[in-house]
Structure formats: structure tokens, C-alpha cells
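Here is the structure we will look at, set down as C-alpha cells.
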Amino acid sequence: MTQLPSAQQLRDQILYHLTHTQGRGSEFATTFDWRLAVSYTIRDLIVTPWMAAIRASRDQGAKRVYYLSMEFLIGRILGDAIINLGLDAAMDEALDLLGLDKQEVLDNEPDAALGNGGLGRLAACFMESLSSLQCPAFGYGIRYEHGLFRQRFEAGQQVETPEDWLNQPHPWEFVRIDYSYTVGFKGHVEDRDGRAVWLPGESVVARAYDTPVVGWEGHWANTLRLWGAHPTTLFDLHRFNAGDHAAASEPEALARTLSRVLYPDDGTESGKELRLKQEYFLTSAALQDILRRFLAEHDDLSLLPQKVAIQLNDTHPAIAGPELMRLLMDEHGLDFAEARDLARGTLNYTNHTLLPEALERWSTWLLGRVLPRHMQIIQMIDEDHRKTSGRPDHVAILRHDEVQMGELAFIMAGKVNGVSALHTDLVKETVFADLHRLHPDRIVNQTNGVTPRRWLRMSNPALARLLDDSIGTGWTKDLAQLSRLEAHADDAAFLDRLRAAKRANKVVLANGLLAGLGIKADPDAIFDVQVKRIHEYKRQLLNILEAIALWQRIHDDPNADWTPRLKIFGGKAAPGYWLAKTVIHLINDVAATINKDPVTSKFLQIAYPPNYNVSMAEDLIPAADLSEQISTAGKEASGTGNMKFTMNGALTIGTLDGANVEIREHVGAENFFLFGLTADEAARVRARPGHARAAIEKSEDLRAALQMIAEGKFSGGRADPYFSLLDRTWHDDPFLVASDFEDYFATQRKVDAAYRDAPHWDRMAALNIARSGFFSSDRTIRGYMQDVWHIEPVTL
Ligand code: 26V
């Protein structure tokens, strides 16, 4: 952006949009009207760099990356866009001139919750970094009418209600009715003179809805293109005229269900036909759009790998392999080998999980029925791979009457990557060990990252100001510059300001907890935060058991000098994940009991605000002292929340899992609270029969905590809500809660002691920030550009 508008100009534009876009006089305007007027004002300023970026990419014949993802967990857009355009000060003034409260305006925006958790939020951070780095890119996803469900607690239990962010105008998007593609399903394949012709039995239209994503300093914006499903024929006029009004709308109803809701499971294979159709809907629309753009600029399909890189975010869009080959063979007349090589030169696949239940597989029966032509092509790919690589049968794509989407994605990809160093090693050693032996150059690592614009500059203005004052503003686009803070780590004045910034954030959060939950939090207590999806492997259970044990210890000796602590939990469970929901219930039950204990409440409190989402993360993370990253080693692919906490000056208590390993290497072992089994040790313990019972019997604290739950101490004397959970903990405990408990409890006491030495704690916090530069998603995207996509940034 060349010329930034002044506060007066912003005010005038806001008033213009209020009148001419919203059709409201200022004396009648609601916060909603104002928020839309402000959004349109900001959007106008993004359109210019957006057009410039699109033109420059086309004029320079640049290679583009296409990020295909079933999830984009964007959150709110307005605040981030204001920051990236460099308009925060001017906007503050403009809103002042209009007598508006900025926070109220920003908070009026609903979260775009088009994702479940880490995988979707990573895609959103990547979109922002791609623009900040001027890498020509499109994100392709689905425009779900209903994002991730809203969570409430009733009697401590999770209740889900539909989310409806699109039940109001969405000011950021541009609908493109000219970019519409037909996507077919079912039907049959005919052989016409040796050429396969697929005659789908059903079809829908995918229509493009574009949102520009502006990068830091507003130089560049890429497009997030979300597909909405529409009927090919609006309604059946014959049926309507015959009086059958409901049946007349069937085509419309059928189509709309495709982009109606986000599947709320993260990591449980649902095996539902609708999910498969959604995956194909996204993939086919995206590939048709990519080929259309490519052919508008080039006339030789063999150039495809030089001009197009496609990234598959997990296996969800893995049908891209067969779909791209179908388009190249059936519609453009290439032969199998040509199509295969072009597809492999273009597609890449990121693996985000090793959990067996999250590895996608579709029954050959279902896939063959919904996508009959693709089933044929998958058989050809599998057979070709057997012949060319000599692969053994147990790595076939088609086995046990299922299509193994991981194998399909791997075989059709030029590069396959894991998301942290440890995870990539495990990918090579476990899920893809055989394929890795056959294709030893294919797997690479790209450790995740997060955008410092949203997760530091926007969400933590107090800390951002201190950083600007201490080392200048350059960290925002070059996070490695945070290392300059090392020079301040022994400067008492700097550490005082760091503490004051953290404390101010804690006071704001404490006020929110009081207003929302009625919990009166002590801003000088340790704010100990675990926020993420509720999953057994993430071990929220370990955390709440530690709370029970600590509570008992405080009870036994209430006059000792305990370090006050507020434990904060946040996160949703998949609606069908019964055990995860039991853990939510337990946390709420324990919180209710502990919070009203007059003997202990000045030392220990528990808060579990419902409906954790991106916006709540933006409030919680800057206020955290302690970051809980306590998954069973070997199970968390990377984590990205762990990185956000570190750059916001929280210390981590964590296992050697995912990116924790690299965080600890960067910040220094002495500035990280490590506990627990390693991935190798965990695998060995798991193989020992009776490991859980043995560990429980060795730990008096754990035994007492489990006993209290069993006696119904937190559930009005009733034990039945927690029977199965306790049974699993005693007899199975696949995630080794019991085996890691003692070390966790002891390490938490080290945290208590460390927190009491404020200057030392502050120094550790400063060093965590100073050494977190590696965890910017800019670094991650540069890695993909170099090692995977072979794309250069475009200069305007
Ligand atoms: C799987 C499935 C299976 C079918 C139903 C819907 C659904 C939705 C999501 C998933 C994948 C879950 C994988 C995932 O979210 N992995 C997380 O990826 C983060 C970004 O790389 C990483 O930081 C987390 O450690 C990892 O758990």
C-alpha cells in the first residue's frame, strides 16, 4: 500500500458505507451496522493490493501454489486486516471521532469457525504467511453454512448447538457466479472405442466465494476460494405444477446439504457418504478451476508441474490424485503414464496424524458407488505402483476391501511431509515405513509455525508495544529478530515491563472470567492453561487428576505456603466421542467442588469457559503463565498452540512430543519444564501388561484422586458417571496417564517453586520469547516454497 488513509478519511469512508452500503443513518445504526461499515471500509483498501497481486502473478507467468483443505479455521477477520494494513492507530482515532468503542465493534464479528482444531488453524496461518511473503497462492475449501458447533455446559456436560455465522451478511466475500463447475457423483462408466466416459447419476454446481487474505503491510493479498454447493436445476417445475411442492425442491435440498455443515470429528473416521461427497466436491471444483486457469495462460499441459503446485492438507482431498488423472485422461486425452507423471509432479501431501483411527479409509463398495470412474483409476494406480516399485501386498492402496487414502496420497505425491521433526521421523518409521523404503527421497519435514501478526501483534498489544520499544518493529515480519531480546533478559527495567504487560493481560482475563463464570481470579496466581480439542491422547485427564491431588495436599496442610494457581481449560469434544465428553464432565464436576471450598480456594481454582474458539484463544494465550503441552509422547504430531504460548511468554510444562521437542531445543532445557516418558519408552511401557495398575499402586496421590472420583466426591455421591473412565484408567490406560502422573505432579511443584522467584521466572519468560522466532509460519512457508513447491516470491 502506498498511501495510508488518515483517521478523518477512514471516518468519512465508514460513514459513506454506513449510509450507502448499509442504508442506515448514523442515529439509527447498531453495532452490527457500524461493524459492517468498518469492514467495507477496510475491504476497499484490500482490494487494490489483491488486484495487483493477481495481475502481477499472471503477467509474470508465476508458478502458484494451491492449498486444498477441508478446513480453514479463520476466526475473525477485521482486527487482523486492520493490523496488517498498518491502520490500527488511525482506526482507533477514526472510531473515537465517531464515538464508537473499538473492542465492541471488533467483538461483533462472528468467528469463521470452518475447522475443528490444529489442522484448520494451521491452514489459516499459512494463508496469512503466503500473502505476507508474496507467494502467489489460492486456498481452496468449502463454504460451510454452519461451522464448528457451539458448546454449552448443562449440569457440567457438553451440549452442542448449531453455529450460524452465515445467518447475516458476510462482508468479506465476493461471489463469482462465472466460476461455477459441475461436480458429478454416482452413475456408471461406459467404454466408447477404448475411451472411458463417466455418466454421473447426480450432479451439483460448485460456486466460488472469494475472500481476499491480506499480508503484513498490505502489499499483497491472495484468495481464499470457498465452494458453495448449488443445484444444477433450481426446482422441478413439473412436480411443482402437479402440486407436489416439497418434492419439487428436492434437487435444491440435495445439493445444499453438501456445503451445509463441517464434520465435527477430529480424528475419528466417520465413514459417511456425505463426508466422501464433500471431499470430492472440494477437490473436483478446485482441480477444474486450477486447470481452467492454467489453460488460460498456457497451451501445453506438460508444463503443469512447472506452473502449479498443489498441497493436500491431510488425506481429506486425496481423491485429487485420481481426479486429476481423470481430467487429464478422459477430458484432455493424455495416456495413463503421462497423466500419472504430471499428477505426481504437481501434488504433495502433508500428514498430520499417526493415530490409526484418524487415517482415512473408504470401503471400496462406497467409493465405487459414489465415484465409479475414480475407483477404476485407483485400481490402475495401485497396479502400476505394484509393477513399477515392486511394493509388497501389505502396502497396496486397495486392501481389506478398503481404499487406504494415506497410501493413495503418498503414491500420488511428489513430496510427503510431516509437521515436526519427531513426527516426520515417526512417519518414516511407522505408518509409511515400507513406502519410505521404496521412495526414500519423498518424505521431508516442515515443522509447523503460527503467524506472529495475529498471535502476537494483534492479540497481545501490551507485549507488542514492549517489543517495539525494545528491538524495533522488524520482528513482525522477521520473527527471528526476537533474538535481539536476549540482550534485555538481565535488564531489570525490561523484565518489570514484561511482568506488567503479562499482569495487565491477566487482569483483563480475570474480569472476563468474573463476568462470564462468576469466578473471582487472583491475577497474581499462576495462570495455568490447557486449551485444545478434548482427546484422550492430549491428556486433559492427567491435568485434572493433578488438580485433585494438589487440592488434597492443600487440604492436608492449609497453612503451608502454597503457590496460588488458576487452572484454565478450554476445548470441545467431538459429539460422538463419549470418553472425551466424560472428561469434560469430570473437569466441570471437579471445578464446581474445588471452587467452593473455602479452605483451599485462595490457592487453587479451576475455570472452564465454554465454547473455546479462535477468539477465546486470542484472550487466553496472552494471559497465560504456564502452557500445558502434556500429550503422550509420540501422539501429538506437532501442536501449534504450544508455539503461540511460547511467543507470548508463557513457560511450558510438557512432554517430548511433537514440536515441544524443538521448542525445548530452541528455548533451552533450563527454560522448559520437561516431564514424562519419551515416545520410545511409552511404546515399551504400553506393551507391559498391568502397567496402569502398577503405576497407580506406586502413587499415593493418584490412588487417592481416583478413589475420590470413584466415591462420587465430585458427583453428589454418585459414582456411575465415571465408572468407565476409571475402569479404563486402571485396566487399560493406553495413553499412560498413570505412568506419567508422578513425574507430572513433581514437575508441577517445580513450577510452583520457580514462580515464586519472580525475577528468575521473568527471565525465563523473556528467553522463551526471544528464542521463539523459529516458530513463525513465515519460516514454515519458506520451507515449503524451497523444498516442496519450488516457488519464488513475486515482486510487484
Ligand atoms: C481427521 C478426520 C477424520 C475424518 C472425519 C473428520 C476429520 C477431521 C480432521 C482429521 C484430522 C485430524 C488431524 C489433525 O488435526 N492433526 C493436527 O494437525 C495439527 C497441524 O499440523 C498439529 O499441530 C496437531 O498436532 C495435529 O493433531
Side-chain angles (χ1 to χ4, degrees), residues 67 69-73 113-126 141-142 144 147-149 261-279 282 311-319 349-362 405-406 409 417-424 426-427 431 445-450 531-539 571-577 580 617 629-645 654-655 657-663 679 775 777 780-781 783-784:
Y67 200 80
S69 179
M70 287 289 281
E71 307 192 3
F72 286 91
L73 224 189
L114 311 184
N116 275 286
L119 169 143
R121 183 54 235 175
L122 183 75
C125 282
F126 280 6
I142 293 179
Y144 301 107
L148 187 62
F149 65 85
V261 303
L262 165 75
Y263 266 82
D265 307 289
D266 83 331
T268 48
E269 213 238 302
S270 59
K272 293 283 190 298
E273 178 173 326
L274 179 60
R275 169 79 185 181
L276 176 62
K277 284 179 156 180
Q278 285 186 332
E279 294 182 353
L282 156 69
Q311 193 65 37
L312 306 180
N313 199 22
D314 216 296
T315 56
H316 314 155
I319 197 70
Y349 152 57
T350 305
N351 173 282
H352 293 270
T353 182
L354 301 171
L355 296 183
E357 64 271 28
L359 297 176
E360 280 191 303
R361 305 176 307 257
W362 294 103
M405 299 307 271
N417 76 281
V419 290
S420 72
L422 173 67
H423 170 67
T424 300
L426 293 172
V427 166
V431 264
N445 177 243
Q446 299 297 340
T447 297
N448 285 166
V450 302
V531 285
K532 47 185 80 252
R533 281 302 278 258
I534 311 298
H535 230 293
E536 284 177 281
Y537 82 82
K538 295 177 187 280
R539 299 199 295 192
K572 298 175 182 179
Y577 192 169
Q629 307 300 335
I630 61 177
S631 52
T632 315
K635 299 293 175 188
E636 188 71 88
S638 162
T640 44
N642 47 2
M643 302 169 183
K644 296 166 197 167
F645 282 101
T655 48
D657 201 14
N660 295 355
V661 176
E662 290 155 84
I663 291 176
F775 299 100
S777 44
T780 312
I781 290 297
Y784 280 94

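Counting starts at 1 for both ligands and their atoms, following the listed order.
For ligand 1, the atoms sitting less than 4.0 Å from at least one non-hydrogen atom of Y537 are 27 (O), numbered in the order shown with element in parentheses. Less than 4.0 angstrom separates some heavy atom of A637 from each of these atoms of ligand 1: 25 (O).
Taking distance alone, with nitrogen or oxygen atoms compared against 3.5 Å, Y263 stays at or beyond that limit from ligand 1. Where the criterion is an N or O separation shorter than 3.5 Å, residue side chain and backbone included, E71 fails it with respect to ligand 1. Backbone and side-chain nitrogen or oxygen atoms of H316 are examined, and none is located within less than 3.5 angstrom of a nitrogen or oxygen of ligand 1. Some N or O of S638 is nearer than 3.5 Å to an N or O of ligand 1, by distance alone.
At distances below 3.5 Å, not a single donor-acceptor pair connects side-chain atoms of T350 with backbone N or O atoms of N313. Checking side-chain atoms of S69 against main-chain N and O of F72 turns up no donor-acceptor pair under 3.5 Å.
Each of I142, L114, L262 was scored for a side-chain contact (heavy atoms from CB on, under 4.5 Å) with E71, with one residue passing: L262.
Contact annotation: R275 has at least one heavy atom less than 4.0 Å from an atom of ligand 1.
For atom 8 (C) of ligand 1, the nearest non-hydrogen atom from the set T315, V450, D265 comes from D265. Looking at G639, P264, G118, it is G118 that brings a heavy atom closest to atom 19 (C) of ligand 1. Checking E360, R533, H352 against atom 17 (C) of ligand 1, the nearest heavy atom belongs to H352.
To the nearest 0.5 angstrom, L73 atom CG is 7.5 Å from L148 atom CG.
Partners of F775 according to the ring pair (Phe, Tyr, Trp, His ring centres under 6.0 Å) rule, which considers only residues two or more places apart in sequence or in another chain, are H666. With sequence neighbours left out, Y67 forms a ring pair (Phe, Tyr, Trp, His ring centres under 6.0 Å) with F126.
Neither the backbone nor the side chain of T350 comes within 4.0 Å of ligand 1, counting heavy atoms alone. Contact annotation for L119 and ligand 1: heavy atoms of both the backbone and the side chain come within less than 4.0 Å of the ligand.
Side-chain atoms of N417 and Q311, non-hydrogen and from C-beta on, do get closer than 4.5 Å to each other. Using a 4.5 Å heavy-atom threshold, the side chains of H316 and R275 count as touching.
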